[in-house]
Amino acid sequence: MSPVVTLKDPSREAHIFTMRTLLSMLLVVMLLGLLLARYFSLQITEYEIYRTESDRNRVQLQPLPPKRGLIYDRNGVLLADNRPSYLLSIVRERVPDLEATLAELETLLPVSENDLEKFHQRLQRRRPYEAVPLRFRLTEEERAKLAVNRYRLPGVVVDAQLLRHYPQGELFSHALGYVGRISEQELWEVDETNYRGTHHIGKIGVEKFYEDILHGQVGYQNVETNAHGRVLRVLERSDPMPGADIYLHLDSRLQQAALDALGEQRGAVVAIDTRTGGILALVSKPGFDINLFVNGISSKDYSALRDSPDLPLFNRAIQGQYPPGSTVKPIVGLAGLELGVVTAQSTIADPGWYSLPGDRHRYRDWTLKFGRGHGAAVDLHSAIEESCDVYFYDLAHKLEIDRIHDFLSPFGLGDRTGVDTTHERRGVLPSTRWKRDARAEPWYPGETLSVGIGQGYMVTTPVQLAVATSVIATRGERRIPRMLRAVDGQPQPTPDLEPVQADPANWDVVHAAMRDVVHGEKGSARAQSKDIQYTMAGKTGTAQVIGIAQGERYNADEIDERHRDHGLFIAFAPYENPTVALAVVAENGGGGSSVAAPIARQILDAYFSLFAPEVLGLVEEP
Amino acid sequence: MGDYVRQMPDAGAFTRRPSVWQRVHIDLPLLVLLMLLTAYGLFILYSASGQEMGAVVRQGRYFLVAYLVMLVAAQFNPTTYRRWAPLGYLVGVAALLGVMFFGVGAKGAQRWLSLGGFRFQPSEIMKLMVPLTVAWYLADRSLPPAFRYVLVALAILALPAVLILLQPDLGTALLISSSGLFVLFLAGIGWRYIIGAVVLAIASAWPAWMFVLKDYQKQRILTLLNPESDKLGAGWNIIQSKTAIGSGGWPGKGWLNGTQSQLDFLPESHTDFIIAVLAEEFGLRGVLVLLGLYLLILLRGFWIGLRAQTTFGRLAAGSLTLTFFVYIFVNMGMVAGLLPVVGVPLPLVSAGGTSVVTLMLGFGVLMAVGTEKRTVANS
């Protein structure tokens, strides 16, 4: 370029400008063409991709959780229902300052330490756009306050949901079980698709056992949502199938009567309808309010329940393993008769103790502390009526352990009864094989004697005792005990098992002896025959909790309450045509006759007033 | 001399009286095109703002003011702009310095100057002042400009560009630099400078990445290259806008029926991303109509430049037209995922007051150039 100042040349400048402008125009048209090509490629070439993407954006498949089936007792009394409940949730993503929002909320409604703790736990597991519950069961007033302040609380949402509620509270705690918030692990075990949108699942008991029936089938809806996830329109909907309502054999009035009869006594009661195997009452005391568990129990409440020495969370009726004590004597006696070891007429002499041949150890009779035995000629009838230990030591010795095991086993002892609830324990019905497997030790003859009176290694659950009693009452009919009576009005049969075969005469002997336990002159529970308007058969049992050394005496007043004997009583009634079998365990209650038998009597009185008032003369027989 | 000769065939300039439009300094084709464009824009805005009439009325008021500003601006003789451009430029630079020290802003950017309760964005006025000042500077030189004049011209455009870049406002800095560069280009700057500049730009990409660009700006470029890398964060906008555009197809989903925009998936739907609403609801057809309107406006702008009487007028008209094009290209390119996201509105369609007024002021100047009396003495 020339350093000399050039003169302006308008014509050349105009030419340059025109050329540059034309070049610009060309460039502009080309670039606009590029833009057009880009929009063409997005809108025409890749149209399908973006169309799908846009639909996926706005349309969401939402699960519609089914309504959980209700639970009724045999008379249609509601035991578990669903109540609308409002909960306060927070969508993390939409909250500008979480701490400030929580602080603000605390000024509006009570938020406990526990609520916050659980909230923060949940918050870590959820995605930022999911609603994380903070408070459940909002009151009308709390909801109103939140509604008024809504504009100040972005990201705070109030949702309605149906929540399990147990109107009877503590009465059915162990009979029903409860639902609770579903856990990660439980989601693994169920069909996850069906549980989309379900927050609760049966955790224990009937609620867990019949989860499949109660839960129902999830429904779906296709909804159009905006970018914030708000539902604007339902495009398509398939309704959920609600869970079926179930009716249990339980009778809430009998359940209440059993609970009342136990009073302050720790223990368990199981009552079975001998004709159907249906469980009429199942009580474990103490219980707890099952409603506490529905939305996650607070750690304070939970530790109180867990650490209570009374073990309220422990379902004694199906998990409590107690030595059956003398309650096994009728069955051991029947074994003696059936296997021809004894006859109804054969007797033994009872000095108050028994020794094995060639052994100086004295196995004591419970009467020894009074310095006497049951007399010089004790037959099976009086051995059952008066609960003579020496007779059964002798009988057990003659039967030997494996024959006892094999005979008692069909009565349901020492194995799960298969009752339709969860967490049932097996108990132990010992045998030589069992001892070899469980303890890797041989069986000693002395141990057979303990089993003959329901002690030693033998432990049974109250529900097993009730089942065994039902087998006795029905002369051998065996059924799996059932809680479930009907589903949506359809009766559910109780499964029958192969019956126990025994000579009717032998049944007669055992039945008569059990009748005389209550109604006989020397019956161990003869106090219960007072003012009785029906005939019942029973058997007392006293289970030792601690061993008593040779030559020592058991004195209830001197030992710790928790080491006192368990009192047991089994019963069936009416004697002539049994309809109900009952097992009562009074934990550390002392004696079977003094504590457990009166409880059984009280429950049976209630049973007849409810089920057969004519037996009590309350109504005219038709 | 050349001008004289060129205008000889146009004998009407001597014989025919100037038309009514010429006398009121209105370029009728440009006005009609602008009115069609703004009407189309308002139509889309109603949908994009969530069918809120208030937003449309507000934007309509801005347009009213902007048209008035344009018509007033069109009345001045181009010479007046040439004369006052440097002063406006200096005032603008002073205001930009003011922004640096006393400015107010939001989201980490200082862009406004508050004058007695009135907020004002000096960078906007510079969009006009920079090309006019560069045009003023070069119009007096012999063209193509000598190297030293090119340097001065570059300095003129670089000073405000850097000040704006510091605010930081990459989009506006880019627009202002390019408007100045367009003047240089139209003035016939040698190809070696242009090629040299392109080479320099490519070479400086790495140092710019390392030392000049801020993290969020780098993020935008990375997001452009791979929007899926941050689906819910920075990539969200671009994914949603592409989805909106693509799902519109050829016919579009229909006015007010765009799911992406009506259901709030599309961010900034009434401002920078409004083209996505148009593309979704009116389809490629609607995009073609818009591009057609823009093309006609651009051609008219170039036509005015080609027919301008003076060098200043040509340079001003040409560069303003090209700047208008940059708006279109950058905005439509970024929304469609061709360019990184920078804050450039779709001209005369996106909601907003300041940019509309500035743009129309530019068209006012364009009209002033276009309706300048054709006299022989003018050269």
Side-chain angles (χ1 to χ4, degrees), chain A residues 1-25 27-29 31-59 93 127-129 224-230 232-233, chain B residues 1-3 5-6 140-144 146-147 182 185-190 239-240 242-250 252-253 259-260 262-267 279-280 283-284 287-288 291 294-295 298-299 302 305-306 308 311 314-315 318 321-322 325 328-329 332-333 336-338 379:
Chain A
M1 197 152 290
S2 165
V4 184
V5 175
T6 46
L7 287 170
K8 281 178 77 69
D9 178 351
S11 134
R12 184 164 169 254
E13 286 184 11
H15 178 70
I16 290 173
F17 179 79
T18 306
M19 290 315 288
R20 286 291 163 98
T21 303
L22 290 175
L23 201 61
S24 302
M25 287 167 76
L27 209 64
V28 162
V29 170
L31 287 175
L32 285 180
L34 177 67
L35 277 184
L36 189 61
R38 175 65 176 174
Y39 280 76
F40 183 89
S41 112
L42 288 177
Q43 299 194 276
I44 309 296
T45 319
E46 296 173 24
Y47 169 70
E48 285 302 330
I49 297 171
Y50 290 109
R51 171 91 232 180
T52 315
E53 191 66 32
S54 138
D55 279 345
R56 200 187 303 155
N57 248 347
R58 77 186 167 98
V59 178
E93 180 179 75
R127 302 205 172 84
Y129 54 82
E224 186 175 87
T225 62
N226 65 10
H228 313 301
R230 181 172 305 224
L232 301 174
R233 172 156 84 99
Chain B
M1 177 64 184
D3 280 330
V5 173
R6 259 193 317 123
D140 287 342
R141 323 285 151 196
S142 167
L143 299 182
F147 183 63
F182 290 146
F185 176 76
L186 294 169
I189 183 176
I239 290 173
Q240 296 304 333
K242 277 163 72 179
T243 305
I245 295 166
S247 64
W250 166 253
K253 295 175 185 171
T259 53
Q260 285 287 106
Q262 303 302 330
L263 302 178
D264 295 344
F265 286 100
L266 194 65
E280 184 185 23
L284 190 59
V287 175
L288 273 173
L291 282 177
Y294 277 142
L295 182 64
L298 289 168
L299 291 178
F302 286 126
L306 286 171
T311 307
R314 284 178 205 136
L315 294 178
T321 307
L322 278 170
F325 166 73
I328 300 165
F329 187 75
M332 286 183 69
L338 275 181
S379 71

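First the proteins, then the strands, lettered A, B, ... as listed; each starts at 1.
A:Ser24 contributes atom OG, which lies 5.0 Å from atom CZ of B:Phe302 (distance to the nearest 0.5 angstrom). Between the CG atom in A:Leu42 and the CG atom in B:Leu284 there is a gap of 10.0 Å [rounded to 0.5 Å]. Of the inter-residue distances, the one linking A:Ser54 atom OG with B:Lys253 atom NZ reads 3.0 Å to the nearest 0.5 angstrom. From B:Leu338, atom CG reaches atom CG of A:Leu31 across 10.5 Å, with rounding to the nearest 0.5 Å. Atom CG of residue B:Leu143 and atom NE2 of residue A:His15 lie 13.5 Å apart, to the nearest 0.5 angstrom.
With sequence neighbours left out, B:Phe329 forms a ring-ring contact (aromatic ring centres under 6.0 Å, His included) with B:Phe325. A search for side-chain contact (heavy atoms from CB on, under 4.5 Å) contacts involving A:Thr45 returns A:Phe40, A:Ser41, not counting sequence neighbours.
Remark: side-chain polar atoms of A:Gln43 are paired, donor with acceptor, to backbone N or O of B:Ala279 under 3.5 angstrom. With A:Arg20 contributing its side chain and B:Ile189 its backbone, the two residues share a donor-acceptor pair below 3.5 Å. A donor-acceptor pair under 3.5 Å links the side-chain atoms of A:Tyr39 to the main chain of B:Met332, judged by distance alone.
Using a 4.5 Å cut-off on side-chain heavy atoms (C-beta onward), B:Lys242 and A:Arg38 make contact. Two residues are said to be in side-chain contact when any heavy atoms from C-beta on lie closer than 4.5 Å; A:Val28 and B:Thr321 fail this criterion.
When all heavy atoms of B:Gly333 and A:Leu35 are compared, the pair lying nearest together is N-CD2, 3.6 Å.
For chain B, the nearby part of A:Leu23 is the side chain; its heavy atoms alone come within less than 4.5 Å. Using a 4.5 Å cut-off between heavy atoms, A:Leu36 touches chain B through backbone and side chain atoms alike. Looking at B:Ala187, only its backbone comes within 4.5 Å of chain A, counting heavy atoms on both sides. Heavy-atom distances place both the backbone and the side chain of B:Ile245 under 4.5 Å from chain A. When heavy atoms are compared at a cutoff of 4.5 Å, B:Thr243 approaches chain A by way of both its backbone and its side chain. Using a 4.5 Å cut-off between heavy atoms, B:Leu186 contacts chain A through both its backbone and its side chain.
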